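Chain identifiers are assigned alphabetically (A, B, ...) following the order of the sequence lines, protein sequences preceding nucleic acid strands; residue numbering begins at 1 within each chain. In this text the structure is predicted, and so the values were computed from the model without any measurement. Basis for what follows: all heavy atoms, side chains included, without hydrogens, waters or symmetry-related copies.
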Amino acid sequence: MAARKSARRFWLVRSEPDVYSIDDLARDGVTCWDGVRNYQARNTLRDDMSVGDGVLFYHSNAKPLAIVGVARVSRAGYPDHTAWDPKTKYHDPKSDPSSPTWYMVDIEFVARFDEPLCRDQLLDEPELAGMALLQKASRLSVQPVTPDEWSRVLKMAGARVKLG
DNA sequence: GCCAACGTTGGC
DNA sequence: GCCAACGTTGGC
């Protein structure tokens, strides 16, 4: 069988808007998604996210709790240098520069939803019942999203998105 | 502010 | 390698 181009994948990142909001991303255009210090999320950042992948942007610990927009991966996983910067709160002296523990990607602003797509609405949508974001278990700051969940969320938000 | 869920740590 | 203790996260 011929090799097939790998399909675009979809993700969700959560961020406290007090720290970094969709408006900050809209202003910056591109940002490095640094400071993730969880091994499972690290693996996703390092191994799984590819340029062009779609990213839902979720505001956590905020009012409203909501998916507020869309980004795309603009640079695949590379070492998170904030781990070696004692001046940042993400400093991790255990991370060895010759074998980095922590990784980040760059994400690029694509769109802000006209209205935040609130957690309540997501919880009310049966087709999203399996979404990682909505499981009590999940605290992951970077999570996978299925293609079905992706299109359902965009439909609910009334958003048309071109990831380029 | 509470507390359930979960990841990490460290003694054994 | 187990697991109890502890700290953190994040929705409520």
Self-check item: Qualifying residues under side-chain contact (heavy atoms from CB on, under 4.5 Å), relative to Gln40(A), sequence neighbours excluded
Solution: Asn38(A), Leu140(A)

Quiz prompt | Donor + acceptor pair across side chains of Asp106(A), Tyr78(A) (<3.5 Å) | solution = yes

Quiz item: Earliest and latest nucleotide of DNA chain C, 5' to 3', sitting under 4.0 Å from a non-hydrogen atom of chain A?
Solution: dT8(C) to dC12(C)

Quiz item: Are side-chain heavy atoms of Leu128(A) and Met156(A) found at a separation under 4.5 Å?
Solution: yes

Please output the side-chain donor-acceptor pairs of residues 24-32 of chain A that fall under 3.5 Å, not counting sequence neighbours, one pair per line with the distance.
from: Asp24(A); atom 1: OD1; to: Arg27(A); atom 2: NH1; distance (Å): 3.1
from: Asp24(A); atom 1: OD2; to: Ser21(A); atom 2: N; distance (Å): 2.8
from: Asp24(A); atom 1: OD2; to: Ser21(A); atom 2: OG; distance (Å): 3.3
from: Asp28(A); atom 1: OD2; to: Tyr20(A); atom 2: OH; distance (Å): 2.7

Quiz item: Taking atom types as modelled, is there a side-chain donor on Thr82(A) or Arg37(A) under 3.5 Å from an acceptor on the other?
Solution: yes

